[in-house]
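This report refers to the structure that appears directly beneath it.
Note that ligands are numbered from 1 as they come in the structure, with each ligand's atoms numbered from 1 the same way. Since we're looking at a predicted model, the values are computed, not measured.
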Amino acid sequence: MRRAVCPGSFDPVTWGHLDVIGRAAQLFDEVVVAVGINPAKQHLFSPEERIEMLREACAAHPQVTVTSFSGLLTAFCQAQSASTIVKGVRGTDDVGYELQMAQMNHAQSGVETVFLPASAAHGFVASSLVREIAGLGGDVSAFVPAPVLARLSARLAERGAQHAAPGDLPG
Ligand code: PNS
């Protein structure tokens with residue numbers, strides 16, 4: 001049984017993430033989508049909210065489970081008996097950053113990383129841009145599932161979108 005971990009901030013999940021998760025589910029018997037918890041980072045959505053959105057969006061894939069992790073990703077992979085990390089890469093900037101982490105993760109634990117190139121349709125989609133555009137009143141309906149869009153609109157309305165500067169958040 002081959003189990004992979006698909007980690008990320010998912011703040012919020014986009015169609016780009018879901019494309020990678022769906023393709024990973026075709027390559028592995030089980031995929032554990034793991035929301036990274038980093039208390040030092042500010043997020044628009046709590047880990048619980050990000051997990052709920054992911055579970056709803058991944059409901060069509062029975063072999064995909066969603067949870068969170070904190071601390072070292074490699075320790076989480078080992079605890080999950082997963083020997084592979086799956087990461088989507090959108091371009092050379094992603095590759096440069098992800099390659100170093102993949103090499104470090106492999107050096108310290110032996111856990112391998114598989115890179116999936118973003119589909120052309122989603123290669124420009126990033127949660128940070130979705131937050132920024134939505135926060136400035138733009139239309140992001142093409143980039144996230146409808147339930148995520150509804151939560152995004154509600155959260156930005158709560159915060160007063162023009163003042164929240166959600167694009168300043170990482171991820
Ligand atoms: O979607 P993101 O923000 O690129 O996800 C980043 C995440 C959560 C995958 C990354 O921050 C991570 O792997 N965190 C775990 C901490 C860790 O293992 N650090 C060592 C990296 S070599």
Shared hydrophobic cluster for V64 and V20 (ILVMFWY, side-chain gaps under 4.5 Å): yes
Using a strict 4.0 Å cut-off to heavy atoms of [X], name the atoms of ligand 1 that fall inside it.
X	value
M104	22 (S)
G71	15 (C), 16 (C)
F69	15 (C)

So, does F76 sit close enough to ligand 1 that a heavy atom of it is under 4.0 Å from the ligand? no
Distance only, no hydrogens: is a donor on one side chain within 3.5 Å (strictly under) of an acceptor on the other, for D11 and S9? no
Quick one: do the S119 and D19 side chains pair a donor with an acceptor below 3.5 Å? yes
Can you check which of A107, S9, C77, S70 brings a heavy atom nearest to atom 2 (P) of ligand 1? S9
Among V35, D94, L73, N105, which one puts a heavy atom closest to atom 13 (O) of ligand 1? L73
Hey, is E158 close enough to R155 for a salt bridge, meaning N to O under 4.0 Å? yes
If only atom types and distance count, is the side chain of R3 paired as donor or acceptor with the main-chain N or O of E30 below 3.5 Å? no
